[in-house]
Amino acid sequence: MCNSFKKELLGGVHDLDTDILKVALIKNTPTGTYGGVTTNYSDLTSNSDEAVGTNYLAGGQVLDSAVITLSGNTAFVDFADELFSKLTISASGAMIYNVTQGNKAVAIFNFGGPVTSTNGDYTIVFPAADATNAVIRIT
């Protein structure tokens, strides 16, 4: 999770089950550094680090089905896996950002290397929706 997101969440900026969240793909060799210090989708675009490919639209896609759950002492958010159809692209990571709140960064994900698709489905599979594995967790 981005550090700015953590602070903004506690300040009531984000409403993850009603705000519009998107996921954008990060190219294989970004010039910028993305992670905890990332604050906004514009960080990605100002460095021209968003992935480019056939049938991929700049800005990425809207995440669907955000579900907030409390399990024991851990709250977490789960999203439906995100399918990009008929893409020809290669990306090494992704950014979740909040469109409703001025494109504020939520989280950055490193795929561990390039993931490529040639005129096929490109799916971001979110981990299990539980207190140990969900992509956004507060314990």
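Just so it is clear, the structure is predicted and the values come from calculations on it, not from any experiment. Heavy atoms only: backbone and side chains are in, while hydrogens, waters and symmetry mates are out.
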_Using the rule that Ile, Leu, Val, Met, Phe, Trp and Tyr join whenever any side-chain heavy atoms are under 4.5 Å apart, tell me whether V115 and I108 fall into a single cluster._
no
*Could you tell me whether the side chain of E82 and the main chain of V125 form a donor-acceptor pair under 3.5 Å?*
no
*Report the C-alpha separation of V62 and L21 in whole Å, then their side-chain angles, then the decisive distance to 0.1 Å, and conclude whether the side-chain contact (heavy atoms from CB on, under 4.5 Å) test is met.*
CA-CA 6 Å; V62 174; L21 302 177; over 6 Å; no
*Going by the ring-ring contact (aromatic ring centres under 6.0 Å, His included) test, which pairs reach into residues 3-53, not counting sequence neighbours?*
F5-H14, Y41-Y97
*A107: what forms a side chain to side chain contact (heavy atoms under 4.5 Å, CB included) with it, not counting sequence neighbours?*
F109
*Can you name the side chain to side chain donor-acceptor pair (under 3.5 Å) partners of D43, sequence neighbours left out?*
T39
*Pairing residues for Y56 by the ring pair (Phe, Tyr, Trp, His ring centres under 6.0 Å) criterion, not counting sequence neighbours*: F84
*asked:* I need the L44 CG to I26 CD1 distance, nearest 0.5 Å.
replied: 5.5 Å
_F79 and side chain to side chain contact (heavy atoms under 4.5 Å, CB included): which single residue from I136, L16, V67, V23 fits?_
I136
*Closest heavy-atom contact between S92 and K27?*
OG-O, 2.9 Å
_Non-neighbouring partners of N110 that pass side chain to side chain donor-acceptor pair (under 3.5 Å), sequence neighbours left out_ = none
_Give me the atom names and distance for the closest heavy-atom approach of L70 to A75._
CD1-N, 3.8 Å
*Report yes or no: do I68 and M1 belong to one cluster of Ile/Leu/Val/Met/Phe/Trp/Tyr joined by side chain heavy-atom distances under 4.5 Å?*
yes
*Could I get the full list of side chain to side chain donor-acceptor pair (under 3.5 Å) partners for Y122, not counting sequence neighbours?*
none
*Could you tell me whether a side-chain N or O of S85 sits under 3.5 Å from a main-chain N or O of D121, the two making a donor and an acceptor?*
no
_From D49 atom CG to T31 atom OG1, the distance as rounded to the nearest 0.5 Å_ = 4.0 Å
*Does A134 offer a backbone N or O that forms a donor-acceptor pair with the side chain of D78 under 3.5 Å?*
no
*asked:* If we ignore hydrogens and angles and just use 3.5 Å, is the side chain of N133 paired with the main-chain N or O of A128 as donor and acceptor?
replied: no
*Taking S117 for its side chain and G120 for its backbone only, find out whether a donor-acceptor pair lies under 3.5 Å.*
yes
